[in-house]
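One structure is given here, and the rest of the page talks about it.
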Amino acid sequence: MSLIQNEAKRVVQIRLATLDDVNALHRLEQRHSHEELSANGPVQQGQVFSKTELETLISQHWIVVAEYEQHIIGYVMAGSWAFFETWPIYTKVVKQLSSCGINKQKSCQYGPIWIDKNYRGQGIFELLVAKLSTYVKSHFDFMCTFIAEENQRSYSAHTNKAGMQVVDYFSFHGRDYYLLSLDLTAGYER
């Protein structure tokens, strides 16, 4: 369990999610599923997981949460491709990764990540990614994700703060995406 303190003396815990967190995570997902898109972007639904899927992610994969005063203010998740491949876009991502030389057995899907607007810019993003990578790196060499082209805030955070590299670019259902990867064998030092 990690703790940080920012200028306002707030203490934020960074920890693995438990099954007791499922309802809070589900509410956050329902409330903030559109937040990944910029104000100028098209109206599209972000990734939303059912309670059952969240339970599976917690039990068999990873969800790391940021908690302040007993409220989850952010989270990030990762899981094997076997979990994600039921959605067509993830099948496309695995195919793109393969063409870039990234093996699906040595990589996992990273994200989504979400941080409450009131806590952004305080280092929580970096702490969530760093904590998640400590759990994932004993199982996989790469954490991979895709970000919609119009979501420049997320693109900037992932490339500048998380050290992810763009490995490809692809289109899916009329929308363009960056395909990014974080090499866990190189370590995460942000």
Side-chain angles (χ1 to χ4, degrees), residues 14 25 28-29 31-49 57 61-66 73-79 81 84-85 87-102 104 106-137 140-190:
I14 307 296
L25 290 168
L28 288 171
E29 292 239 319
R31 256 195 340 256
H32 300 287
S33 63
H34 295 285
E35 208 168 273
E36 73 174 45
L37 303 175
S38 68
N40 300 329
V43 177
Q44 293 193 20
Q45 183 75 17
Q47 179 72 53
V48 178
F49 296 98
L57 282 162
H61 304 275
W62 304 271
I63 298 180
V64 174
V65 299
I73 59 168
Y75 62 85
V76 63
M77 57 186 69
W81 294 111
F84 288 94
E85 279 185 312
W87 292 284
I89 194 165
Y90 292 104
T91 302
K92 172 79 171 173
V93 167
V94 168
K95 185 177 179 181
Q96 291 295 126
L97 287 170
S98 179
S99 71
C100 297
I102 297 177
K104 86 176 195 177
K106 293 188 178 205
S107 64
C108 69
Q109 165 59 28
Y110 151 88
I113 186 169
W114 176 84
I115 300 167
D116 183 292
K117 287 184 246 188
N118 296 319
Y119 298 90
R120 292 180 186 159
Q122 298 179 31
I124 294 170
F125 176 92
E126 296 95 323
L127 289 168
L128 284 169
V129 174
K131 181 59 95 175
L132 180 66
S133 71
T134 64
Y135 294 113
V136 172
K137 71 181 177 182
F140 299 104
D141 293 343
F142 296 94
M143 287 194 314
C144 302
T145 197
F146 57 97
I147 298 172
E149 179 184 40
E150 69 270 9
N151 192 349
Q152 288 299 304
R153 183 183 74 218
S154 181
Y155 174 82
S156 178
H158 283 87
T159 56
N160 295 322
K161 295 179 181 180
M164 295 190 108
Q165 302 295 313
V166 175
V167 295
D168 207 350
Y169 192 78
F170 70 96
S171 296
F172 185 79
H173 289 235
R175 195 170 178 202
D176 297 323
Y177 296 90
Y178 297 101
L179 183 59
L180 296 102
S181 174
L182 178 62
D183 184 347
L184 299 171
T185 65
Y188 179 79
E189 311 222 359
R190 293 278 165 206

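Quick note: residue numbers are just sequence positions, from 1. Computed from a predicted model, the values in this text were never measured in an experiment.
- Among Leu127, Ile113, Thr145, the single residue meeting the side chain to side chain contact (heavy atoms under 4.5 Å, CB included) criterion with Val76 is Ile113.
- When all heavy atoms of Phe142 and Ser181 are compared, the closest pair comes out as CD2-OG, 3.2 Å.
- The shortest distance between side-chain heavy atoms of Leu184 and Asp141 does not fall below 4.5 Å.
- Taken from CG in Leu132 to CE in Met143, the straight-line distance is 5.0 Å, to the nearest 0.5 Å.
- In this structure the side chain of Tyr110 reaches within 4.5 angstrom of the side chain of His158, judged on heavy atoms.
- In this structure, the separation between CD on Glu150 and OH on Tyr155 is 14.0 Å, given to the nearest 0.5 Å.
- Note that the CD1 atom of Ile73 and the CH2 atom of Trp114 stand 8.0 Å from one another [nearest 0.5 Å].
- Taking each heavy atom of Ala66 and Ile124 in turn, the nearest pair found is CB-CG2, 3.7 Å.
- One distance of note links OH of Tyr169 with CG of Leu179; it measures 12.0 Å at 0.5 Å rounding.
- In this structure, Glu29 contributes its side chain and Phe49 its backbone to a donor-acceptor pair below 3.5 Å.
- In this structure, the side chains of Leu180 and Gln165 stay at 4.5 Å or more apart for every pair of heavy atoms.
- With sequence neighbours excluded, the residues forming a side chain to side chain donor-acceptor pair (under 3.5 Å) with Ser107 are Trp81, listed by chain and number.
- The shortest non-hydrogen separation linking Ala78 to His61 is O-CB, 3.2 Å.
- At a threshold of 4.5 Å between non-hydrogen side-chain atoms, the residues Phe146 and Phe172 do not count as touching.
- Residues Ile63 and Met77 come closest through the heavy atom pair CG1-CB, 3.7 Å.
- Every side chain to side chain donor-acceptor pair (under 3.5 Å) that Ser156 has, sequence neighbours left out, goes to Asn160.
- Contact detail for Ala162 and Phe125: the closest heavy-atom pair is CB-CE2, 3.8 Å.
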When the side chains of residues 87-98 are checked against the rest of the protein, which donor-acceptor pairs come out under 3.5 Å, sequence neighbours left out?
from  : atom 1 : to     : atom 2 : distance (Å)
Tyr90 : OH     : Gln47  : OE1    : 3.2
Thr91 : OG1    : Glu85  : O      : 3.2
Gln96 : NE2    : Asp168 : OD2    : 2.8

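- To the nearest 0.5 angstrom, Gln152 atom CD is 4.5 Å from Tyr178 atom OH.
- In this structure, the separation between NZ on Lys161 and OG on Ser154 is 11.0 Å, given to the nearest 0.5 Å.
- The minimum heavy-atom distance between Leu128 and Val65, with the atom names listed, is CD2-C, 3.7 Å.
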